[in-house]
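Quick note: residue numbers are just sequence positions, from 1.
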Amino acid sequence: MDILVFMIFVSYLLAHSFKLSIAADSLGLSQSISNNNNTLVSQNGRYELGFFTPGNSNKTYLGIWYKNIPVQKFVWVANRNNPINSTSNHALFLNSTGNLVLTQNNSFVWYTTTNQKQVHNPVAVLLDSGNLVVKNDGETNQDEYLWQSFDYPSDTLLDGMKLGRNLRNGLDWKLTSWKSPEDPSVGDVSWGLVLNNYPEYYMMKGNDKIFRLGPWNGLHFSALPEQVSNPFLNYEYVSNDDEIFFRYSIKINSVISKVVVDQTKQHRYVWNEQEHKWKIYITMPKDLCDSYGLCGPYGNCMMTQQQVCQCFNGFSPKSPQAWIASDWSQGCVRDKHLSCNRNHTNKDGFVKFQGLKVPDTTHTLLNVTMSIEECREKCLNNCSCMAYTNSNISGEGSGCVMWFGDLIDIRQFQEGGQDLYIRMFGAELDNIEEPGHRHKRNWRTAKVASAVILSCGVILVCIYFIFRNQRKTVDKQPDKSERHVDDLDLPLFDLPTISTATNGFSRNNKIGEGGFGTVYKGKLANDQEIAVKRLSSISGQGMTEFINEVKLIAKLQHRNLVKLLGCCIQGQQMLIYEYMVNGSLDSFIFDNDKSKLLDWSKRFHIICGIARGLVYLHQDSRLRIIHRDLKASNVLLDDNLNPKISDFGTARTFGGDQFEGNTKRIIGTYGYMAPEYAVDGLFSVKSDVFSFGILLLEIICGKRNRAYYHTDGTLNLVGQAWAAWKEDRALGLTDSNIDETYVVSEVLRCMHISLLCVQQNPEDRPTMASVILMLGSSEKELGEPKEPGFISKNVSSETNSITNPKGCCSSVNEVTISLLDAR
Ligand SMILES: *[C@@H]1O[C@H](CO)[C@@H](O)[C@H](O)[C@H]1NC(C)=O
Ligand SMILES: *[C@@H]1O[C@H](CO)[C@@H](O)[C@H](O)[C@H]1NC(C)=O
Ligand SMILES: *[C@@H]1O[C@H](CO)[C@@H](O)[C@H](O)[C@H]1NC(C)=O
Ligand SMILES: *[C@@H]1O[C@H](CO)[C@@H](O)[C@H](O)[C@H]1NC(C)=O
Ligand SMILES: *[C@@H]1O[C@H](CO)[C@@H](O)[C@H](O)[C@H]1NC(C)=O
Ligand SMILES: *[C@@H]1O[C@H](CO)[C@@H](O)[C@H](O)[C@H]1NC(C)=O
Ligand SMILES: *[C@@H]1O[C@H](CO)[C@@H](O)[C@H](O)[C@H]1NC(C)=O
Ligand SMILES: *[C@@H]1O[C@H](CO)[C@@H](O)[C@H](O)[C@H]1NC(C)=O
Ligand SMILES: *[C@@H]1O[C@H](CO)[C@@H](O)[C@H](O)[C@H]1NC(C)=O
C-alpha cells in the first residue's frame with residue numbers, strides 16, 4: 001500500500017476516544033434485557049448489545065452494534081432467521097444452566113446451547129472485543145467459555161474473530177450476508193473455509209464459487225501477495241488437529257475496522273471519525289481477474305494485458321472463435337498431448353511458471369513434510385497429476401501440494417505470487433519461464449491464430465456477399481450461431497431492412513448525434529436490437545473504399561469495443577452496430593440519479609475496461625487506431641455495465657487521416673482534446689491518453705471537464721484536480737454518489753494516473769499499456785505528475801476561436817468537432 005494512503009488512514013485515527021461506560025457489561029441470573037429498554041455495553045464503551053429494528057422493518061432482533069457509530073453499525077445478530085414481532089413483549093435472560101434464552105410473549109424465539117462444561121453461577125458478558133460470552137463467574141480462560149457469539153458469525157468479521165473450522169465440534173466459522181440492509185436473515189453470499197486437502201477460503205453465492213482467496217502458503221493467501229507488508233493489519237493463520245482458521249488483528253488500537261460480506265462482495269471498512277463515515281480499504285473480489293474461473297481451464301488471468309485471459313505457453317484456446325470474442329470460459333487445451341511417460345523418447349516433464357495465484361485446490365493432495373524433489377517425482381509418476389508446488393513458500397519453501405485434473409482459476413501477479421510446475425509433454429525438466437516472455441509468446445500465438453481466422457474471414461466475406469445477395473429475402477435473419485462461425489464476415493444490410501428496423505429513421509428512434517452522423521436505434525425482424533449510424537456524406541469516399549475500410553473496422557474485436565455487425569451501402573453509407581441497452585457512460589456519470597447505479601467497483605471495472613480497449617486499438621489490433629474522440633458519450637455500457645468503446649476507427653477511416661501525424665482536420669471534443677492536438681493538429685496515441693485522463697477524472701468526480709479556464713477564474717475539472725492533488729485533498733473531489741463505496745487507495749491511484757495522462761507534454765504521458773500496468777498494481781510507485789495541459793491562462797487565442805462549424809448545438813462540450821481547420 002502506498003505510504004500516502006497509509007498516511008490518510010492514520011489521519012483518520014486521531015481524535016477517537018470512548019468515554020468509559022457506566023452501563024452494565026454483563027447479565028446475571030436474575031436479570032433480563034427487554035423491549036429496547038436496556039442494553040449491555042462493553043467496558044471500553046465500543047460495543048452495545050440489545051434489541052434493534054433495522055430501517056423501516058417491523059421486525060425486532062437481538063444484536064450487537066458499535067455504540068458510537070451511527071451508520072452500518074450492526075456486527076452481530078442472534079435471531080437472524082427468527083425475528084420478533086415488534087409489538088410483542090420480548091426479553092433476553094440467562095437461565096441457571098447457562099443458556100441465554102430469548103422469548104416473545106413467553107415463547108422461545110432463540111436460545112444458546114452449551115457444551116458439557118460444568119456450570120456454576122454463570123454470567124453473560126459483552127467483552128471489549130465485541131464478543132458476547134457466557135462463562136462461569138470469574139472465569140478468564142477463553143477455552144472454558146460456555147458459549148460465545150464469535151462462534152456464530154453473522155456478516156461481520158471483527159478483530160480477533162476466527163474464520164475457518166473447528167475440527168473438534170464442527171463449528172463452521174463463516175460469514176453470511178444479510179438479505180438486504182433491512183433484513184438480517186441469511187442471504188446468498190457466504191465467505192468461509194472449505195476443507196479441501198489443501199484447504200482454502202471461498203466466497204460463494206448460493207452454490208456457485210464467485211471468488212477464491214486461495215490457500216494460505218505460509219506467508220499470505222495465494223490471491224493476496226500484498227498481504228505480507230500490510231502496515232496496519234496482522235494476519236494469523238493456524239492449522240492443527242483441532243482447528244483451522246485465520247484472523248486478523250489491527251496494529252493500531254484506536255483504528256476501528258471490520259470486514260463485511262454483502263450480497264455481492266466483501267469489504268474491509270475503516271471508520272473515519274472526522275467525516276463520520278466508513279471508508280472502504282479493500283474490496284474482494286477486487287477486479288475482473290478475481291472472478292472465479294474467468295479464463296477457464298489452463299487460462300491465466302492477467303490484468304495487465306489488453307485481453308485479460310491468456311493461455312499458458314504450450315496451450316491454445318479450446319475454441320479460437322469464442323476466445324477472440326472474449327468468451328474465455330472454455331479455456332485452453334494442450335498443444336501436445338501428454339505421453340504419461342509411455343513414450344520413452346519424449347517423456348512428460350514440468351514447466352515452471354512464476355508469479356501466480358495457484359489453481360483451485362478442490363482436487364489436491366498435501367504432504368507438508370515432503371521435499372519439492374519428492375513432490376515432483378510423485379507427481380510425475382501419476383498420470384493424473386497436472387501440477388505441483390511447495391505448500392509453504394516461507395523461507396526456502398517446504399511441503400508438497402499436487403493438483404489432479406484441470407487447473408482452473410489462476411491469475412498472474414506483477415509482483416509477488418507463487419511458482420507452479422505444470423506438467424507438459426516433452427518438457428525440459430523444470431524449465432524456467434519468465435512471465436514476461438510468456439506474455440509475448442502467448443500473444444504471438446493468439447495473433448497467428450487470429451490472423452489465420454481473419455484471412456479466412458476475408459475470403460468468406462466475398463463468398464458470403466454473393467451468397468447473401470442471392471438469398472437475401474429468405475435470409476433476412478441470419479441465425480446467430482451461423483453468423484458467429486464466420487465471425488469476421490461483414491453482412492451487407494439492404495436499405496429496406498434498415499429502414500423497417502428504424503421505423504423509417506424516425507425521430508423517435510434517434511438516439512444520438514455522433515461525429516460522423518446520426519445514430520438510430522432499430523430492431524431487426526429477428527428481434528435483434530441494433531444501432532444504425534447514418535454517416536453524413538463528408539467522406540466523399542467511393543463504395544469500394546468504404547467497404548474496405550468498414551471491413552477493417554469489423555476486424556477489430558475486443559471485449560471492450562462495440563461490435564460492428566455490418567453496413568449498408570444503398571443510398572447512404574451506414575454502419576450497423578450491436579445495440580447497447582444501457583446507453584452511454586455520460587448518461588450515468590453526469591446524472592445525479594443514474595450515477596448512483598455506478599458504485600466505485602463498477603466504475604473501476606469500467607475504467608479498466610476502457611483502458612484495455614484503448615491498448616488494443618493502440619497496440620494490438622494491427623491497425624494501430626488512434627481514436628481521437630474518446631469521451632464519456634463514446635463509451636457505451638452493455639447489460640452488465642461492461643464498457644464498450646464506440647466510434648473507434650471512424651476518425652481514421654472517415655476523417656481522412658492516417659496514423660499519427662499532423663492534421664488540418666480536427667476531430668475531437670472540447671474538454672477532452674490534448675493541447676497539441678487542439679492547437680496544432682498534432683495527434684498521436686498520446687492525445688488519446690490525454691482524453692483518457694480526462695475521462696478518468698470525470699468518472700471519479702461525476703463532473704464534466706470544461707474546455708477552458710473560465711474568465712471568472714474558476715478552474716475546470718483538470719485544474720481543480722491538479723490543485724487538489726498538490727494540496728493532498730484529492731479525495732474531496734470524488735463524486736458524492738461513490739462516497740460509501742470507494743476504495744481509498746484505488747481512487748487516489750486513479751486520480752494520480754489521470755494526472756499523469758493529462759500532462760502538458762505528450763512525452764511525459766504514459767502509454768495506455770503502462771496505464772493498465774499502473775491500474776493493475778497497488779504496489780508500484782508512480783511518478784509525480786507535472787502540470788496538466790490546458791489549464792494555464794495563456795491558451796492561444798486561436799484555440800479559443802474553435803467553434804462548432806454548424807454552430808447549432810446548445811452544449812458545446814457535447815459535440816464532436818469535425819472538419820475544422822486548425823489554422
Ligand atoms: C425500562 O427501563 C426503565 C428504567 O431503566 C425501567 O424502569 C422499566 O421497567 C423498563 N421497562 C421495561 C418494559 O423493561
Ligand atoms: C410496518 O408496519 C406498517 C404499519 O403496520 C406498515 O405500513 C408497513 O408496511 C410495515 N413495513 C414492513 C417493512 O413490513
Ligand atoms: C405481529 O403483530 C401483528 C399485530 O399485532 C399481528 O397481526 C401479527 O400476526 C404478528 N406477527 C407475528 C409473527 O407474531
Ligand atoms: C404478545 O402480547 C402482546 C400484549 O399482550 C400482544 O399485543 C401481542 O399481539 C402478542 N404477540 C404475539 C405474537 O403473540
Ligand atoms: C435453559 O434454556 C435451555 C434452552 O431453552 C433449556 O434447554 C434448559 O432446560 C433451560 N434450563 C433451565 C434450568 O430452565
Ligand atoms: C511454513 O514454513 C515456515 C518456515 O519453514 C514455518 O515457520 C511455518 O510454520 C510454516 N507454515 C505452515 C502453515 O506450515
Ligand atoms: C513419442 O515422441 C516422439 C517425439 O516427439 C513422437 O514422434 C512419437 O510419436 C511419440 N510416441 C508416442 C507413442 O506418443
Ligand atoms: C509425506 O511424505 C513423507 C516423505 O515422503 C512420507 O514419509 C509420508 O508418509 C507422507 N505422508 C503422507 C500422509 O502421505
Ligand atoms: C494418482 O493419484 C490419484 C489421486 O490421488 C489417485 O486416485 C490415483 O490412484 C493415482 N494413480 C496412480 C497410478 O497412482
Looking only at heavy atoms, which two atoms of L630 and S691 are closest? And how far apart? O-CB, 3.6 Å

Under the side-chain contact (heavy atoms from CB on, under 4.5 Å) criterion, do L614 and I645 qualify, and how do the steps go? CA-CA 8 Å; L614 272 184; I645 300 173; 4.1 Å; yes

Specify the closest pair of heavy atoms between W600 and V743, including all atoms of both residues, with the distance to one decimal. CD1-N, 3.5 Å

Roughly how far apart are S180 OG and D262 CG, rounded to 0.5 Å? 11.5 Å

Can a donor-acceptor pair be found, under 3.5 Å and without considering hydrogens, that links the side chain of N560 to the backbone of P643? yes

Under 4.5 Å between any side-chain heavy atoms of M203 and P285, yes or no? yes

Between E529 and K521, does any side-chain N to carboxylate O distance fall below 4.0 Å? yes

Between the side chains of H605 and N642, is a donor N or O closer than 3.5 angstrom to an acceptor N or O? yes

Got R624 and V685 here, is their nearest side-chain heavy-atom distance under 4.5 Å? yes

Using disulfide bond (SG atoms under 2.5 Å apart) as the criterion, list what pairs up with C301, not counting sequence neighbours. C289

Please identify each residue that fulfils side-chain contact (heavy atoms from CB on, under 4.5 Å) with S326, with sequence neighbours left out. Q307, W328, R559

Of all residues at least two apart in sequence or in a different chain, which pass the disulfide bond (SG atoms under 2.5 Å apart) check with C701? none

If we ignore hydrogens and angles and just use 3.5 Å, is the side chain of K686 paired with the main-chain N or O of P762 as donor and acceptor? yes

With distance as the sole criterion, is a donor-acceptor pair present between the side chains of S595 and D593 under 3.5 Å? no

Rounded at 0.5 Å granularity, tell me how far CG in D688 sits from CG in L695. 11.0 Å

Side-chain donor-acceptor pair present, K594, S587, cut-off under 3.5 Å: yes

Among N503, N509, N508, whose side-chain hydrogen bond (donor to acceptor under 3.5 Å, both in side chains) with S506 holds? N509

Tell me whether K318 at atom NZ has more than 12 heavy atoms from other residues, nucleotides or ligands lying less than 6.0 Å away. no

Just by distance, do the side chain of H558 and the backbone of V615 share a donor-acceptor pair under 3.5 Å? no

Beyond-backbone contact of M574 with F505, side-chain heavy atoms, under 4.5 angstrom: yes

Between the OG1 atom in T741 and the NZ atom in K596, the distance rounded to the nearest 0.5 Å is 12.0 Å

So does P766 get a backbone contact from the side chain of S770, meaning a donor-acceptor N/O pair under 3.5 Å? no

If only atom types and distance count, is the side chain of N705 paired as donor or acceptor with the main-chain N or O of L717 below 3.5 Å? yes

Nearest 0.5 angstrom please: I530 CD1 to T502 OG1, how far? 7.5 Å

Polar contact flag, side-chain donor to acceptor under 3.5 angstrom, Q305-Y616: no

Salt-bridge test for D188 and K179: reply yes if a basic N is under 4.0 Å from a carboxylate O, no otherwise. no

Nearest 0.5 Å, please: how far is NZ in K533 from SG in C568? 15.5 Å

Sidechain-backbone polar pair: Q330 side chain, S319 backbone, donor-acceptor under 3.5 Å: no

Do the non-hydrogen side-chain atoms of Y292 and D208 ever get within less than 4.5 Å of each other? no

Would you say D599's side chain and S601's backbone share a donor-acceptor pair under 3.5 angstrom? yes

Do K631 and D629 sit within salt-bridge range, that is, some charged N less than 4.0 Å from a carboxylate O? yes

Within the side chain of Y577, is there an N or O that forms a donor-acceptor pair under 3.5 Å with the backbone of G566? no

When the ring centroid of Y298 is compared with that of F315, is the distance short of 6.0 Å? yes

At their closest point, which heavy atom of F690 faces which heavy atom of M673, and how far apart are they? CE2-O, 3.3 Å

Testing the basics here: between G613 and L561, what is the closest heavy-atom pair and its distance to 0.1 Å? O-CD2, 4.2 Å

Indicate yes or no: does R411 engage D287 in a salt bridge with an N to O separation below 4.0 Å. yes

Steps toward side-chain contact (heavy atoms from CB on, under 4.5 Å) verdict (L575, R534): CA-CA 7 Å; L575 299 173; R534 221 177 173 184; over 6 Å; no

Show your reasoning for whether side-chain contact (heavy atoms from CB on, under 4.5 Å) applies to K510 and T518. CA-CA 7 Å; K510 189 170 147 181; T518 310; 3.6 Å; yes

Taking K644 for the side chain and I610 for the main chain, is one N or O donor matched with an acceptor at less than 3.5 Å? no

Hey, what do you get for OG1 (T264) to CD1 (I210), rounding to the nearest 0.5 Å? 7.5 Å

State, with a plain yes or no, whether a side-chain heavy atom of N640 is found less than 4.5 Å away from one of N582. no

Side-chain touch L288/M303, heavy atoms, less than 4.5 angstrom: yes

Minimal heavy-atom distance between P317 and V333, with the atoms involved, is O-CG2, 4.4 Å

Given 3.5 Å as the limit, does a donor-acceptor pair link the side chain of D327 with the main chain of A322, or not? no

Are D494 and T497 linked by a side-chain donor-acceptor pair shorter than 3.5 Å? yes

All heavy atoms of P675 vs all of R765, minimum pair found to be CD-NH2, 3.9 Å

Please test F493 against L524 for side-chain contact (heavy atoms from CB on, under 4.5 Å), starting from the C-alpha separation and ending with a verdict. CA-CA 10 Å; F493 291 83; L524 297 175; 3.9 Å; yes

Look at D735 together with R603 and state whether they make a salt bridge at an N to O cut-off of under 4.0 Å. yes

Determine if the SG-SG distance between C332 and C295 falls under 2.5 Å. no

Is there a side-chain contact between L585 and I606 (heavy atoms, below 4.5 Å)? yes

Check: P491 and L565 side chains under 4.5 Å, non-hydrogen atoms: no

